[in-house]
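Lettering follows sequence order; numbering is per chain, from 1. Being a predicted model, the structure only gives us computed values, none of them experimental.
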Protein chains: 2
Amino acid sequence: MTQKMNTEARREQMASAALNLLAERGSEGFNIADLAESVGLVPSAIYRHFEGREDVLDVALDLFRDRVYGLVEAARNEAQDPLMALELLLTRHARLIESGGAVPHIMASMSASEEHAARRAKTERIFAGYVARVESLVREGQESGQVRSDIDPTAATLLFVGMIQPAALLRHAEGERFDITVHAARVWDLFRRAVAQD
Amino acid sequence: MTQKMNTEARREQMASAALNLLAERGSEGFNIADLAESVGLVPSAIYRHFEGREDVLDVALDLFRDRVYGLVEAARNEAQDPLMALELLLTRHARLIESGGAVPHIMASMSASEEHAARRAKTERIFAGYVARVESLVREGQESGQVRSDIDPTAATLLFVGMIQPAALLRHAEGERFDITVHAARVWDLFRRAVAQD
DNA sequence: CCCCCATGTGAATCCATATTCACATCATAA
DNA sequence: TTATGATGTGAATATGGATTCACATGGGGG
């Protein structure tokens with residue numbers, strides 16, 4: 001038999017594995033059998049740790065939220081100023097996508113499901129929370145004078161948030177030929193020109 | 001019995017209805033029973049016009065491609081110059097989202113499916129084609145001197161393409177409180193500042 | 001005007017997954 | 001060291017959709 005594992009550790013392992021699967025296949029392609037296999041167990045074992053599929057998705061979403069919000073906080077803490085924090089955040093998103101942790105895919109695929117309204121609502125709340133956090137960086141930038149004060153902070157925020165998503169899609173389509181890191185640097189220049197105080 | 005209908009007309013009606021369903025629920029939530037109901041028929045009737053679910057999706061995707069590409073062409077034809085064409089395109093995307101024809105949802109949810117690699121590949125090709133069309137507008141803008149020539153056209157294009165997507169998500173989350181049309185106008189200003197020749 | 005075949009129907013059937021259950025086995029705490 | 005309860009297993013079972021099929025029927029060409 002496979003090694004037994006401490007409850008909490010196993011649960012986290014499963015949630016993390018679930019998130020990986022979600023990143024590559026979206027919520028549609030996500031299934032219990034694959035999840036079980038990815039942690040080296042049998043499907044029924046999943047039910048020792050979760051109520052069912054929907055519960056797994058719910059917990060994976062929690063993990064996703066924590067990681068994404070953590071990304072923003074880390075960028076804020078490590079950067080000298082708000083604008084630099086945004087740049088750092090963008091760079092890290094790019095790296096994340098490059099390594100397969102497809103954030104946009106997850107957001108998009110989870111929020112599309114009309115049934116399971118709870119899951120959808122939760123996804124949207126997570127997204128809104130992410131936007132709010134980025135927006136606070138933008139506002140701080142305005143207060144510190146780095147960011148023009150005559151622009152709408154929400155608009156600037158959504159412009160920022162949208163910079164990576166299409167790139168992630170195109171990367172799938174074009175593969176290696178498309179370098180996300182380079183792209184990130186280029187769009188950052190554009191974003192900076194759009195919002196920075198001269 | 002429900003009125004019988006000419007083959008071609010019925011097929012188109014079904015494809016169009018399928019696209020609507022896709023827009024609101026994504027490919028995960030899409031099912032034959034709902035499609036049948038939305039055209040006032042019984043599930044098995046769908047099979048008189050399509051090979052099966054995957055075939056429906058395929059044809060709906062064709063329709064989607066035509067409509068989206070058509071949007072770009074229309075904008076190009078109606079506008080005086082490339083930059084104006086982009087602005088028009090943005091405005092129309094916004095309107096489309098407002099009326100439920102959620103373009104980004106479709107793209108994202110279709111491209112997430114790992115299985116049915118064909119469908120995924122097709123979605124990505126459609127997206128790439130869309131990007132290419134927008135990019136040609138950007139390049140024309142550079143040639144005509146409206147757009148700065150020192151920026152990478154692909155980067156500018158993806159920045160443009162990303163402007164609407166997050167807004168669409170946020171709209172779902174915040175509902176009426178969030179006005180996409182107003183948002184579109186604001187991000188357009190930012191985009192213009194980023195790319196326009198002074 | 002009537003026939004014939006494509007369209008529409010409802011009742012099966014199939015299938016892929018999720019989920020449950022009875023049983024086995026390990027980890028650990030007393 | 002051993003008892004015990006939680007973890008893992010494999011074989012059912014349940015379920016929701018897709019798909020098939022035998023039959024009904026309406027509309028357009030002869």
Side-chain angles (χ1 to χ4, degrees), chain A residues 1-19 21-22 24-61 109-110 112-120, chain B residues 1-19 21-22 24-61 109-110 112-120:
Chain A
M1 184 191 295
T2 310
Q3 197 70 201
K4 283 185 183 176
M5 198 177 278
N6 161 52
T7 305
E8 203 45 37
R10 187 60 99 185
R11 209 178 136 87
E12 279 164 21
Q13 179 199 28
M14 286 175 172
S16 176
L19 192 49
L21 289 178
L22 281 173
E24 42 184 76
R25 313 169 171 212
S27 61
E28 172 173 25
F30 175 82
N31 66 297
I32 299 295
D34 287 353
L35 173 58
E37 187 185 341
S38 79
V39 294
L41 293 181
V42 110
S44 56
I46 302 297
Y47 295 85
R48 290 276 171 234
H49 302 275
F50 296 91
E51 307 263 332
R53 184 188 134 106
E54 212 48 41
D55 186 36
V56 174
L57 256 28
D58 190 64
V59 172
L61 217 40
S109 104
M110 298 288 272
S113 71
E114 184 60 57
E115 45 272 288
H116 299 298
R119 200 169 92 212
R120 183 202 185 107
Chain B
M1 184 189 298
T2 311
Q3 198 71 199
K4 284 185 183 176
M5 198 176 277
N6 161 53
T7 305
E8 203 45 37
R10 186 61 100 185
R11 208 177 136 87
E12 278 163 23
Q13 179 198 29
M14 286 175 173
S16 176
L19 192 49
L21 289 177
L22 280 173
E24 43 184 75
R25 314 171 171 209
S27 61
E28 174 172 23
F30 175 82
N31 66 299
I32 299 295
D34 287 353
L35 172 59
E37 188 186 342
S38 79
V39 293
L41 293 181
V42 109
S44 56
I46 303 297
Y47 295 85
R48 290 276 171 235
H49 303 274
F50 296 91
E51 307 264 331
R53 183 187 134 108
E54 212 48 42
D55 185 37
V56 174
L57 256 28
D58 190 64
V59 172
L61 217 39
S109 101
M110 297 289 270
S113 71
E114 183 61 56
E115 44 272 288
H116 298 300
R119 201 170 90 211
R120 183 201 185 109

Visitor: Keeping the roles fixed (side chain from A:R25, backbone from A:F30), state whether a donor-acceptor pair exists under 3.5 Å.
Guide: no
Visitor: For B:E28 and C:dT17, what is the distance between atoms CD and P respectively, to the nearest whole Å?
Guide: 13 Å
Visitor: Among residues at least two apart in sequence or on other chains, which ones pass side chain to side chain donor-acceptor pair (under 3.5 Å) with B:S16?
Guide: B:R67
Visitor: Can you tell me how far C1' of D:dT19 sits from CG of B:D55, to the nearest Å?
Guide: 13 Å
Visitor: Under 4.0 Å between a side-chain N/O of A:H49 and OP1 or OP2 of D:dG8, yes or no?
Guide: yes
Visitor: In Å, rounded to the nearest 0.5 Å, how long is the span from CZ of B:R11 to CZ of B:R48?
Guide: 14.5 Å
Visitor: Just to confirm, is there a sub-4.0 Å distance from OP1 or OP2 of C:dA6 to any side-chain nitrogen or oxygen of B:R10?
Guide: no
Visitor: To the closest 0.5 Å, what do you measure between CZ (A:R53) and CG (A:D58)?
Guide: 12.5 Å
Visitor: If you measure from CE on A:M14 to CD1 on A:I32, what distance do you get to the nearest 0.5 Å?
Guide: 9.5 Å
Visitor: Using nucleotides 23-30 of chain C, report all nitrogen or oxygen pairs with the protein that are shorter than 3.5 Å.
Guide:
{"unit_1": "C:dT25", "atom_1": "O2", "unit_2": "A:K4", "atom_2": "NZ", "d": "2.2"}
{"unit_1": "C:dC26", "atom_1": "O2", "unit_2": "A:K4", "atom_2": "NZ", "d": "3.2"}
{"unit_1": "C:dA27", "atom_1": "OP1", "unit_2": "A:Q3", "atom_2": "OE1", "d": "2.7"}

Visitor: Looking at side-chain heavy atoms only, is the closest gap between B:L35 and B:L21 below 4.5 Å?
Guide: yes
Visitor: How many whole angstroms separate atom CD of A:E54 from atom C1' of C:dA18?
Guide: 12 Å
Visitor: Expressed in angstrom and rounded to an integer, what is the separation of A:F50 atom CZ from D:dT7 atom P?
Guide: 12 Å
Visitor: From CD1 of B:I46 over to P of D:dG17, roughly how many Å is that when rounded to an integer?
Guide: 15 Å
Visitor: Given atom CG of B:N31 and atom P of C:dC15, what is their separation to the nearest angstrom?
Guide: 20 Å
Visitor: Between the protein and nucleotides 10-14 of chain D, which nitrogen or oxygen pairs are less than 3.5 angstrom apart?
Guide:
{"unit_1": "D:dG10", "atom_1": "N7", "unit_2": "A:S44", "atom_2": "OG", "d": "3.4"}
{"unit_1": "D:dG10", "atom_1": "O6", "unit_2": "A:S44", "atom_2": "OG", "d": "2.7"}

Visitor: Atom CZ of A:R53 and atom C1' of C:dT17: how far apart are they, to the nearest Å?
Guide: 9 Å
Visitor: Are the side chains of B:L57 and B:R119 in touch, meaning some heavy atoms are under 4.5 Å apart?
Guide: yes
Visitor: Around A:E51, counting heavy atoms of other residues, nucleotides and ligands shown, do more than 12 lie under 6.0 Å from its CD?
Guide: no
Visitor: How close or far is atom P of D:dG16 from atom CD1 of A:I32, stated in whole angstroms?
Guide: 16 Å
Visitor: Counting heavy atoms not belonging to B:E37, are there more than 12 under 6.0 Å from its CD?
Guide: no
